[in-house]
Amino acid sequence: MNTDGIKTMLGFAARAGKLISGETGSRIAVTKKKAKLMIMAEDAAATTQHEFMQLAERYQTPILKILTRQELGNAIGKSPRAIVVVVDPGFAIQINKRAAE
């Protein structure tokens, strides 16, 4: 897994306005079917993990469980984040490619 490449793509997506971070915004994006890819921090709280795994399954949103909360936040230039959602299919494809490396 190319975590540096994933962090770079997350930063690009954030700067392009194609990424939503935080639990509330991510939940809304998923339920409105705007989410193309959900990224969950490995160290997210158990209740957060459970809730968003169910949400991803219900709305058939692909999910990656990678990075830590700190790394996820740093990648997008914000404070630590447990959940981010990519709303652009191009960025989602690129992040998935780097996750498969």
**Student:** My understanding is that only one of I39, I95, V86, V87 makes a side-chain contact (heavy atoms from CB on, under 4.5 Å) with L19; could you say which?
**Tutor:** V86
**Student:** OG1/T48 to CZ/R69 distance, rounded to the nearest 0.5 angstrom?
**Tutor:** 8.5 Å
**Student:** I'd like to know if the side chain of R81 and the backbone of S79 have a donor-acceptor N/O pair within less than 3.5 Å.
**Tutor:** yes
**Student:** Calculate, to the nearest 0.5 Å, the distance between atoms CD1 and CG belonging to I93 and D88 respectively.
**Tutor:** 8.5 Å
**Student:** Find the distance between CG (L10) and CD (E71) and round it off to the nearest 0.5 Å.
**Tutor:** 11.0 Å
**Student:** Under 6.0 Å from the CD atom of E57, do we count more than 12 heavy atoms belonging to anything else shown?
**Tutor:** no
**Student:** Give the minimum heavy-atom separation between F52 and I83, together with the two atoms involved.
**Tutor:** CG-CD1, 3.8 Å
**Student:** Run the numbers on L37 and L64 for side chain to side chain contact (heavy atoms under 4.5 Å, CB included), then give the verdict.
**Tutor:** CA-CA 8 Å; L37 176 66; L64 287 176; 4.1 Å; yes
**Student:** Say you draw a straight line from CD of Q94 to CD1 of I6; how long is it, rounded to the nearest 0.5 Å?
**Tutor:** 11.5 Å
**Student:** If I compare all heavy atoms of K36 with all of A92, which pair ends up nearest, and what's the gap?
**Tutor:** CB-CB, 3.8 Å
**Student:** Quick one, T3 and I66 - any side-chain contact, counting heavy atoms below 4.5 Å?
**Tutor:** no
**Student:** Measure the shortest side-chain to side-chain distance between M40 and M53 over non-hydrogen atoms and say whether it is less than 4.5 angstrom.
**Tutor:** yes
**Student:** Return the CG to NZ distance between N2 and K7, rounded to the nearest 0.5 Å.
**Tutor:** 10.0 Å
**Student:** Is the number of heavy atoms from other residues, nucleotides or ligands under 6.0 Å of E101 CD greater than 12?
**Tutor:** yes
**Student:** Side chains of I28 and I20: does their closest heavy-atom pair fall under 4.5 Å?
**Tutor:** no
**Student:** Considering only heavy atoms from C-beta outward, does the side chain of F12 approach that of K18 to under 4.5 Å?
**Tutor:** no
**Student:** If you compare all heavy atoms of A44 against all heavy atoms of A82, which two are closest, and at what distance to 0.1 Å?
**Tutor:** CB-CB, 3.9 Å
**Student:** Is there side-chain contact between R27 and E51, with at least one heavy-atom pair below 4.5 Å?
**Tutor:** yes
**Student:** Hey, what do you get for CD (Q49) to CD1 (I63), rounding to the nearest 0.5 Å?
**Tutor:** 8.5 Å
**Student:** Report yes if the side chains of M9 and K97 come closer than 4.5 Å at any heavy-atom pair, otherwise no.
**Tutor:** no
